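First comes the structure, then the notes that go with it.
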Amino acid sequence: MYVQRRLEKEIRESLRYFPVTAITGPRQCGKSTLAKRLMEEAGNGLYLDLERPSDLAKFNEPELFLSTVRDRLICIDEIQRRPELFPLIRSLVDEWGRPGAFLILGSASRDLLRQSSESLAGRIAYHRLTPFLWEEIRKYRPNGGFSDITLDRYLTVGAFPASLLLENDSMSFLWRENFILTFLERDLPQWTGASPDSIRRLWRMLAHVSGQTANYTALASSLGVSDQTLRGYVDLLSSTYMVESIPPYHSNLGKRMRKAPKIYVADSGLTCALLGLRSYEDLLGHPGFGALWEQVVLSNLRGTFPGAEICHYRSAGGAEIDFVVSLGHKVFAVECKASLNPILTKGTHCALDDIKPQRAFVVSPVSEGWPLAEGIDVLPLDKLSAALKT
């Protein structure tokens with residue numbers, strides 16, 4: 001069963017107007033599946049996976065090989081494994097002079113890829129694909145698809161397609177453990193000389209403090225490294241989409257603000273695997289349940305509004321909002337409550353008074369929303385994107 005992705009329309013537009021289109025995102029989030037779907041539509045696609053020896057061998061003479069397939073849509077998967085291809089791609093697209101020449105996929109962020117692709121400036125459009133959005137899953141329910149995927153399960157096993165679509169939860173947990181091991185032992189060495197054991201320990205630490213403001217000094221001390229080394233590790237995990245760093249919201253409020261970012265492990269299922277939580281019942285009894293709900297809301301915000309600025313707000317006096325979302329000239333406040341009967345604290349109301357957003361939304365695991373107060377609405381997760389677009 002193919003799941004239509006929200007990004008499809010935007011990527012098709014990029015292929016029409018740009019010589020190179022890039023889809024970035026974590027490993028196993030569905031980039032290859034989406035790319036193959038788009039190439040089927042194009043009718044002349046050539047898919048090349050740089051992790052496959054037979055495909056990698058074709059790049060022994062890359063200019064000669066690519067010149068022989070110049071009239072096709074050339075998809076190169078895991079492009080970060082051959083950064084020396086970027087200058088050649090620039091030269092070829094300038095020579096060929098047409099849009100839709102290359103579709104490149106990478107398991108690293110735009111900023112990390114850009115270190116190798118400065119020569120493609122003005123020739124490339126970037127798109128970030130996330131694991132499944134809840135809205136994407138919900139669309140298939142009227143047709144009978146994914147009827148067994150509840151919000152509880154989405155929260156527990158996470159949004160990576162292979163994890164979510166496995167019917168057996170034990171097998172899903174095993175898949176996530178193997179995903180973590182593969183990332184540490186095969187993917188990570190591409191970018192750093194850090195030991196997999198150090199990064200695993202850090203990743204597990206971050207799972208325990210997910211959703212909290214980062215205390216780099218304490219984390220560095222626990223890991224036995226310098227603050228600078230610790231920050232480099234966190235930046236690397238962020239650049240490979242394994243953690244998400246949310247900066248503080250800056251405004252001219254004249255108040256003392258907390259300056260540290262909030263750190264989240266980037267998928268609720270990976271968080272559960274790192275913490276050893278195998279079921280929703282295990283999760284319910286864990287102190288990190290609320291932070292995990294925040295992470296799910298954040299992932300859906302990021303996947304739906306990739307160009308949005310997402311920050312957190314916390315004053316020295318304790319006023320706090322989980323996410324401040326800036327879309328163009330509009331500012332929205334998003335508070336996450338893992339409760340069927342959400343209640344806002346005095347600190348949240350004080351933060352809303354400080355920020356003065358256009359609208360405020362409380363996202364909860366409810367089936368229907370309702371007005372909570374003037375300018376504040378309770379919403380289910382699958383209604384959040386539509387509310388922010390209005």
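Owing to the predicted nature of the structure, the values given are computational and were not obtained by experimental measurement. Side chains included, hydrogens not; waters and symmetry mates left out as well; all remaining heavy atoms used.
The residues E136 and R5 are annotated as salt-bridged, a charged nitrogen and a carboxylate oxygen being separated by less than 4.0 angstrom.
Seen from the ring of F323, K262 counts as a face-on cation partner, given the 6.0 Å and 45° thresholds. Taking the centre and axis of the six-membered ring of F173, the NZ or CZ atom of R278 falls inside the cone set by 45° and 6.0 Å. Note that R37 lies in the cation-pi zone of Y2, set by a 6.0 Å cut-off to the ring centre and a 45° limit from the axis.
Judged purely by distance below 3.5 Å, without hydrogens or angles, the side chains of T271 and Y264 never pair a donor atom with an acceptor atom. Using a 3.5 Å distance cut-off with no hydrogens or angles, the side chains of E95 and S91 do not pair a donor with an acceptor.
Taking the six-membered ring where the residue is Trp, F160 and F179 present tilted rings, their angle falling between 30° and 60°. Taking the six-membered ring for Trp and thresholds of 30 and 60 degrees, H208 and H286 have ring planes inclined between 30 and 60 degrees apart.
Each of L46, L15, L73 was checked for a side chain to side chain contact (heavy atoms under 4.5 Å, CB included) with M39, and the lone residue meeting it is L73. The one candidate from D322, T348, V334, I376 that meets the side chain to side chain contact (heavy atoms under 4.5 Å, CB included) condition with V362 is I376.
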Verdict with supporting geometry, Y241 and T24, side-chain hydrogen bond (donor to acceptor under 3.5 Å, both in side chains): CA-CA 9 Å; Y241 301 109; T24 66; 2.8 Å; yes
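N60 contributes a side-chain N or O that, together with a main-chain N or O of A57, makes up a donor-acceptor pair within less than 3.5 Å.
Within the 4.5 Å cutoff, no side-chain heavy atoms of I263 are placed close to those of V209.
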